[in-house]
Amino acid sequence: ARQLVELLAPSVAFRESNVETNRKVWDLYAKDWKPDCQWVRKMAENLGEEWNEADLNFIGDEWSDRFSLQQVLDEFILPYCLQGCKAMEIGCGGGRVAVRVI
């Protein structure tokens, strides 16, 4: 039994701190994410009728509908993206926001 626990330990997400748990979950999520994965499509179904498979281009596209993402861009990001300004993204992600800003 101990050998089985040690074998499965790297896949268990609740053993470490919140930071370590999120790091592990993100790494697994990012590694396994593909637009044709059943679990990605299942998550995207929550976006409503406007969703279709062509909308899944970047990791995280299944997290919010187009309107909500555009609202975040319009209210919190684009007002600070002035012509000629330089910015650096410090967040870890799949590029779904950055591709709409550059």
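This one's a predicted model, so the numbers in the text were calculated from it and none came from an experiment. All values below come from the heavy atoms of this structure, side chains included, with hydrogens, waters and symmetry mates left out. Sequence positions, counted from 1, serve as the residue numbers for this chain.
The closest side-chain heavy-atom distance from Arg41 to Pro35 is not below 4.5 Å. Side-chain contact check for Phe58 versus Val97: every heavy-atom pair is 4.5 Å or farther apart. Considering only heavy atoms from C-beta on, Asp61 stays 4.5 Å or farther from Asp55 through its side chain. At a threshold of 4.5 Å between non-hydrogen side-chain atoms, the residues Trp33 and Glu62 count as touching. Two residues are said to be in side-chain contact when any heavy atoms from C-beta on lie closer than 4.5 Å; Asp65 and Gln70 fail this criterion. Two residues are said to be in side-chain contact when any heavy atoms from C-beta on lie closer than 4.5 Å; Trp26 and Ile59 meet this criterion.
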Going by atom type alone, with no hydrogens or angles, which donor-acceptor pairs under 3.5 Å involve a side-chain atom of residues 79-87 and a protein atom two or more places apart or on another chain?
none

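The environment of CD in Gln38 is sparse: at most 12 heavy-atom neighbours from other residues, nucleotides or ligands sit within 6.0 Å.
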Open item on the list: For a side-chain contact (heavy atoms from CB on, under 4.5 Å) check, start with the C-alpha distance between Gln71 and Phe76, then their side-chain angles and the critical distance, and finish with the verdict.
Closed with: CA-CA 8 Å; Gln71 186 176 10; Phe76 300 107; over 6 Å; no

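Atom CG of Leu73 and atom CD1 of Ile77 lie 5.0 Å apart (nearest 0.5 Å).
There is no path of hydrophobic side-chain contacts, each under 4.5 Å, that joins Leu56 to Leu69. Residues Trp63 and Trp39 are members of one and the same hydrophobic cluster, defined by side-chain heavy-atom contacts under 4.5 angstrom among Ile, Leu, Val, Met, Phe, Trp and Tyr.
Here the shortest heavy-atom pairing between Ser64 and Arg96 reads OG-NH1, 3.2 Å.
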